[in-house]
Amino acid sequence: MKTFFQLAIRFVIGGAVGYTFIYVYLNDILILPDLYEFAFPAALLLTVILIGLMTWWSVRYRTIRKVIQQPLTGEAEDEAEGVMYRAYSDNSLSTTLMLFICLGLMSLTLLTEQSFWFLSVSLITLLVSFIMSHLTQRQLYIMYPERNLPKTNDPDYAQRLLDVSDDGEKHVILQGLYKTNISTMSLFLVAIIVLLLYSMVTGNSQLFAIFIVICIMAFTNIQYIRIVRAKN
Amino acid sequence: MKTKLKELRARHGINQTELARRAKISRQTVSLIEREEFMPSLLIAVKIARVFDEKIEDIFYFEEEELQ
């Protein structure tokens, strides 16, 4: 019953969005939003998000340092290990998000000719995010000194890290990546549809972006099938 | 698959971190096995069994219907 309602809601939303876009397109109603108007508040918002992420990273970084310094035993040690693991995961996410937002801010600043200050902010935070990413990786050695973890400057770092992970960790990675892959592919499809509709409604062709997305989808799927196919 | 790992650990008075250290596996894996969210590989099962000096089948066991 729940699935039926979910399907019905999706059908109604999809129908409404599709009808609106086709109506706008067929009636030649061109919507040309002045994106330049939103560029300044958007750049400001991205800067605030960047500052927020940096602060969050610092808090979680200090959490790990504090936990490492505590001599714990028994259940408390297990709990502390869990806290440390979650803080490390948060920091990995923070640095990745910072990198994406920095690139977004840089693109916005350059394409909409925003103040030089935003470009400086994005360049500085880009540098800071690299340093934070490096510090996050280094913390891993302090958290797990007994493990034979690869060096951060290892050219094959990702593969080596996977090699030293045990089966339980690989199981968690697989679950995470499998779910991420499914949502990524669905979101890419939605992105193509949104870009197509945007192009039709505004008359501002997004064909280049559509082809880039298609290339990424094709490449990742070919890569996956190539790996799976070889292990017969 | 069911496991007596948690009881065994309590009996020996060692926490997950210590077991992970002794068996040379991650604490995350110990936690997953105890919550029965992950079936350990033969290698991990042997490593855990060695820590407690027990047989694998005394720590990990299956319900009859799982073996059908």
Side-chain angles (χ1 to χ4, degrees), chain A residues 60 63-93 136-137 139-150 158-180 231, chain B:
Chain A
R60 300 304 271 160
T63 305
I64 296 175
R65 286 188 65 169
K66 214 190 286 174
V67 171
I68 290 169
Q69 285 161 2
Q70 286 173 343
L72 298 166
T73 51
E75 297 259 315
E77 190 183 15
D78 290 344
E79 272 172 37
E81 222 273 335
V83 168
M84 211 159 61
Y85 175 78
R86 284 189 292 277
Y88 173 79
S89 305
D90 290 347
N91 275 358
S92 294
L93 178 65
T136 307
Q137 299 293 345
Q139 246 182 355
L140 208 57
Y141 304 112
I142 307 164
M143 284 163 63
Y144 307 110
E146 71 284 357
R147 297 191 71 168
N148 187 24
L149 296 165
Q159 184 59 47
R160 294 263 161 92
L161 195 63
L162 187 65
D163 291 342
V164 297
S165 304
D166 67 22
D167 290 346
E169 290 168 318
K170 282 179 186 164
H171 172 78
V172 172
I173 294 170
L174 175 69
Q175 275 192 327
L177 286 179
Y178 187 70
K179 284 179 187 165
T180 309
K231 310 275 181 197
Chain B
M1 190 203 73
K2 304 278 174 207
T3 179
K4 291 176 187 164
L5 189 57
K6 203 172 177 180
E7 298 147 53
L8 208 56
R9 208 166 45 73
R11 215 186 304 153
H12 282 74
I14 57 170
N15 61 15
Q16 289 181 341
T17 311
E18 184 54 31
L19 171 60
R21 213 173 280 143
R22 288 192 202 175
K24 290 194 169 60
I25 56 174
S26 66
R27 191 202 59 88
Q28 191 181 35
T29 299
V30 176
S31 173
L32 284 171
I33 295 169
E34 281 189 0
R35 284 185 271 139
E36 294 172 357
E37 286 178 21
F38 168 65
M39 196 189 294
S41 64
L42 198 53
L43 177 69
I44 289 179
V46 170
K47 283 180 173 182
I48 292 172
R50 273 193 180 182
V51 171
F52 296 113
D53 198 19
E54 296 268 359
K55 286 181 187 168
I56 294 177
E57 56 267 38
D58 291 337
I59 307 174
F60 307 104
Y61 60 98
F62 294 93
E63 300 281 320
E64 196 49 46
E65 61 219 33
E66 288 180 272
L67 300 169
Q68 298 299 314

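Quick caveat: nothing in here was measured; it's all calculated off a predicted structure. Just so it is clear: chains get the letters A, B, ... in the order the sequence lines come, proteins before strands, and each one is counted from 1.
Using a 4.5 Å cut-off between heavy atoms, A/Y144 makes no contact with chain B at all.
Each of A/E146, A/E75, A/E169 has some count of heavy-atom pairs under 4.5 Å with chain B, and the biggest count is that of A/E169.
Taking 4.5 Å as the heavy-atom cut-off, none of the residues of residues 61-68 of chain B approach chain A. Interface residues of residues 160-168 of chain A toward chain B, defined by a heavy-atom distance below 4.5 Å and sorted by number: A/D166, A/D167, A/G168. Within residues 11-30 of chain B, the residues having any heavy atom under 4.5 Å from a heavy atom of chain A are, by residue number, B/N15, B/Q16, B/T17, B/R21, B/I25, B/S26, B/R27, B/Q28, B/T29.
By the neighbour-count criterion of 12 heavy atoms within 6.0 Å, atom CZ of A/R147 is densely surrounded, having more than that number from other residues, nucleotides or ligands.
Residues passing the salt bridge (charged side-chain N to carboxylate O under 4.0 Å, His left out) test with B/R35, sequence neighbours excluded: B/E37.
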